[in-house]
J.: 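My questions all concern the structure below.
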Amino acid sequence: MAFQSVIMLVVVTHVCDVSTAGVLTLAYAHANLFLNLGKYGVRNYQVSDVERRHSFIAYAKLRVLTSTLMLVFGSAFLLSPFGDTGYSASKSATIFVMLLFKCIDALEDAVHGNYQQNGRLDVGAKVLCFRLSTTIAIFAPLVCLTRDLLLSLSIATAYTALYFLAETAWVWRRYGLPSFDAGGSSKVLPLLKACFPLFLSLFLLFYIGNIPKYTIDTLMDDAAQAIYGFIAMPVFVVGLLSNFIFNPIVASLALQWSKGKVDAFSKRFLRQSIVILLITVGCIVGAWTIGAPVLGALYNTNLYPYRIDLIVLLMGGGLLALATLFTTGITIMRNQRMLTFGYLLVSLIARILCPVMVRADGIDGASWSYLWVMLCLTLWCLGGFLMGLRSNKGSASD
C-alpha cells in the first residue's frame, strides 16, 4: 500500500503542481491516521486468535462498525480544534474522498485476516496486489487526462469499492473463504473492549507520526508539505520490508506463546529486530548515496538540500518499525492495556516538541522532532515487551 501512495504522489507531482501534491500528502496522512480507527488494531488479534474464541461474524460486524466510525470521526476531525478550519472546499472534499478510499482497506482487512487465520495469506496477498495495481492503472491516466485530483480520486475510489465486492465473492466461490466458524462468540462488545487499547495505541502511533505533517500544515504551506512528504515517503519502505518478513509468522508466534515456549518466542523477536536494523541501515546507505537524486527525479523537485532530513527520517522509520514489532509482541501476550499510557505520554511530548522545532527550523525541525519522538516510543514499547516476557517466565517458574 505504501508503494501505491508513492506512485500516486509521483503522478500528481509531475502532472499537477507541488501544492496539489501537498494536498494529496496531507489527505493520505489524514486517511491513514483514521484507518487505524477503521482497522481498530484487530488484525493481529484476529490472526493470533488460535483458539477461535471469536467467530468471523464478530470480526466482520466489528469492522463494519469501526469503518463507519472512521468516516464519521475522520470527517469531524477536519472541523475540530485539532484540524484546520481554514481548508478550501476542494481540499476538504479531497481529504473526505481519501477517507472513503482507505475505508475499503479497513473492510478488506477483516476478510484477509480470516484468510490468514486459515493458512491462506497468499490468497489475500494476490487479490490485494491486483486491486492496488489496477487502481493505480485507473487513477494515473485520469490525473493525466483531467489534471483534477478530486475527480480522479473519486473515480478510483468507486472502482476499488466495486473490486472489493467482486474479489470477496470470487474468493468465496473459489476457496470457500472467509470461513464462518461454527464455534466462537459472535458478540461484538467483548472484541470492542479487548481491542480498544490496541486501537488507541495504533491510532496514537500514527497520530504521533503525523504531528509533524499537521504542524507543517498549520505553520507552513502546501509546497512545504509536499517536500516533507517526498522525503518522508521512503520511511514506509523500512516498515513495508519488515512486514513482508514478519506478518506471515504472526500466527506461529501466537501458537508458540500459547504453548509457553517463551525462549523460542523471544529469540524469534530478537532475530526480527536484527532484520529491521539491517534493513534500516541498508536504506540509509542507499538514501545517502542515491536517495536525493532519485527522489528528486521521481517528484520533479530538487531534494538535495534535504538529504540530511531524509537520513534522519529513515532512522525514525527504523524506530517506528521496531515499535510496531514490539506492539505486535505485546498484543500476542494479550498485555495491550499497558501500551495506552505510554502512547498518550509520547503524543503529548510530540504535540509540544513538534511546533517548537518546526517554528525554529522548518522542515529540518519536523524531521528531527519525528526522530526524537519515535525514539521515546520505541523505548516504551521495548520496555513493555520485556516486562511481558519477564512476567511470563516468572509465572512459569512459580
Side-chain angles (χ1 to χ4, degrees), residues 1-2 4-5 8-9 12 20-43 60-110 131-132 135 139 149-161 164 188 191-192 195-218 222 225 228-229 232 236 340 343-344 347 350-351 354:
M1 292 183 188
Q4 183 188 48
S5 63
M8 291 172 70
L9 190 57
V12 170
T20 304
V23 172
L24 178 61
T25 299
L26 182 66
Y28 214 92
H30 183 80
N32 272 327
L33 171 63
F34 282 91
L35 178 60
N36 288 285
L37 174 54
K39 290 186 174 181
Y40 205 69
V42 176
R43 176 64 177 266
K61 288 193 294 187
L62 175 66
R63 198 60 64 92
V64 171
L65 172 63
T66 56
S67 297
T68 303
L69 294 175
M70 168 189 172
L71 297 178
V72 171
F73 286 99
S75 302
F77 186 84
L78 295 173
L79 304 176
S80 75
F82 297 100
D84 188 327
T85 55
Y87 289 168
S88 66
S90 176
K91 186 173 181 177
S92 297
T94 301
I95 294 173
F96 176 73
V97 173
M98 184 62 80
L99 280 169
L100 292 172
F101 185 80
K102 299 302 290 183
C103 185
I104 305 303
D105 292 351
L107 294 168
E108 184 184 59
D109 187 66
R131 178 172 72 84
L132 297 180
T135 301
F139 175 81
L149 172 61
L150 179 56
L151 176 62
S152 304
L153 184 60
S154 300
I155 295 173
T157 300
Y159 165 78
T160 200
F164 164 61
V188 173
L191 266 179
L192 200 64
C195 294
F196 178 77
L198 279 175
F199 146 67
L200 186 59
S201 298
L202 289 172
F203 182 86
L204 289 172
L205 174 63
F206 273 77
Y207 176 64
I208 290 164
N210 278 352
I211 286 177
K213 294 179 181 178
Y214 286 128
T215 306
I216 289 172
D217 187 58
T218 301
D222 287 336
Q225 184 73 260
Y228 182 82
F236 296 102
T340 305
Y343 278 78
L344 285 170
S347 65
R351 286 290 299 179
C354 288

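All heavy atoms count here, side chains included; hydrogens, waters and symmetry mates do not. None of the values given here were measured: they were computed from a predicted structure.
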J.: Less than 4.5 Å apart, any side-chain heavy atom of L191 and any of K61?
T.: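 No, side chains not in contact.
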
J.: Indicate yes or no: at least one non-hydrogen side-chain atom of Y228 is less than 4.5 angstrom from one of T215.
T.: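 The answer is no; the side chains never approach within 4.5 Å.
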
J.: For residues 62-75, which residue pairs pass the salt bridge (charged side-chain N to carboxylate O under 4.0 Å, His left out) check, not counting sequence neighbours?
T.: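 Listed by first then second residue: R63-D109.
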
J.: Evaluate side chain to side chain contact (heavy atoms under 4.5 Å, CB included) for L202 paired with Y343, printing each intermediate quantity in order.
T.: CA-CA 9 Å; L202 289 172; Y343 278 78; 5.5 Å; no

J.: Are R351 and Y214 linked by a side-chain donor-acceptor pair shorter than 3.5 Å?
T.: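 Looking only at side-chain atoms, Y214 and R351 do not form any donor-acceptor pair under 3.5 Å.
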
J.: Step by step, work out the side chain to side chain contact (heavy atoms under 4.5 Å, CB included) result for L65 and L192.
T.: CA-CA 10 Å; L65 172 63; L192 200 64; 4.3 Å; yes

J.: Quick one: does any side-chain atom of T160 pair with a main-chain N or O of A156 as donor and acceptor, under 3.5 Å?
T.: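 No; zero donor-acceptor contacts below 3.5 Å.
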
J.: Rounded to the nearest 0.5 Å, how far apart are CG of L100 and CG of L153?
T.: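 If we round to the nearest 0.5 Å, L100:CG and L153:CG are 9.0 Å apart.
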
J.: For the residue pair M70 and L35, establish whether any side-chain heavy-atom pair is separated by less than 4.5 Å.
T.: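 Contact flag for M70/L35 side chains = yes.
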
J.: About how many Å separate CG of L107 and OG1 of T68, when rounded to the nearest 0.5 Å?
T.: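 If I round to the nearest 0.5 Å, the distance is 8.0 Å.
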
J.: Could you tell me which non-hydrogen atom of A29 sits nearest to which non-hydrogen atom of N210, and how far apart they are?
T.: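 Nearest pair, atom of A29 first, then N210: O-ND2, 2.8 Å.
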
J.: At what distance, to the nearest 0.5 angstrom, does NE2 of H30 lie from CZ of F206?
T.: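 Here the interatomic distance stands at 14.0 Å.
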
J.: Is there a side-chain contact between L24 and T94 (heavy atoms, below 4.5 Å)?
T.: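 A side-chain contact is absent here, since even the closest heavy-atom pair is not under 4.5 Å.
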
J.: Calculate, to the nearest 0.5 Å, the distance between atoms CZ and CG belonging to R131 and D105 respectively.
T.: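 Spacing of CZ (R131) from CG (D105) equals 4.5 Å.
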
J.: Examine distances only and state if a side-chain atom of N36 and a backbone atom of L33 form a donor-acceptor pair shorter than 3.5 Å.
T.: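 Flag set: sc N36 to bb L33 pair under 3.5 Å.
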
J.: Please report the shortest heavy-atom distance between G38 and A106, naming the atom on each side.
T.: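 In terms of heavy atoms, the two residues are closest at C-CB, 3.7 Å.
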
J.: Is the shortest side-chain heavy-atom distance between L37 and F199 below 4.5 Å?
T.: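 Yes. Closest side-chain heavy atoms under 4.5 Å.
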
J.: Any salt bridge (charged side-chain N to carboxylate O under 4.0 Å, His left out) involving residues 195-216? Give me the pairs, sequence neighbours left out, ordered by first then second residue.
T.: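 Passing the test, one end in residues 195-216: no pairs.
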
J.: Check step by step if side chain to side chain contact (heavy atoms under 4.5 Å, CB included) holds for V72 and F34.
T.: CA-CA 10 Å; V72 171; F34 282 91; over 6 Å; no

J.: Looking at CD1 of I95 and CZ of F101, how far apart are the two atoms once the value is rounded to the nearest 0.5 Å?
T.: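 If I round to the nearest 0.5 Å, the distance is 15.5 Å.
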
J.: Say whether, by atom type as modelled, one donor and one acceptor occur between the side chain of S92 and the main chain of A89 under 3.5 angstrom.
T.: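 Looks like no, no N/O pair under 3.5 Å.
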
J.: For G41 and L198, work out which heavy atoms get closest and say how close.
T.: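 The answer is O-CD1, 3.3 Å.
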
J.: Checking the side chain of Y159 only, and the main-chain atoms of T135 only, is there a donor and an acceptor separated by less than 3.5 Å?
T.: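 No: the side chain of Y159 does not pair with the backbone of T135.
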
J.: Please report the shortest heavy-atom distance between I211 and S347, naming the atom on each side.
T.: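 Closest pair (atom of I211, atom of S347, distance): CD1-O, 3.9 Å.
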
J.: Once you measure the plane-to-plane angle for Y207 and F203, does it fall in the parallel (<30°), tilted (30-60°) or perpendicular (>60°) bin?
T.: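 Plane angle under 30°, so parallel.
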
J.: Rounded to the nearest 0.5 Å, how far does OG1 of T25 lie from CG of L9?
T.: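 One gets 4.5 Å once the value is rounded to the nearest 0.5 Å.
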
J.: List in chain and number order the residues that pass salt bridge (Lys or Arg N to Asp or Glu O under 4.0 Å) with D222, two or more places apart in sequence or in another chain; answer none if no residue qualifies.
T.: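 Checked D222 against salt bridge (Lys or Arg N to Asp or Glu O under 4.0 Å); matches are K91.
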
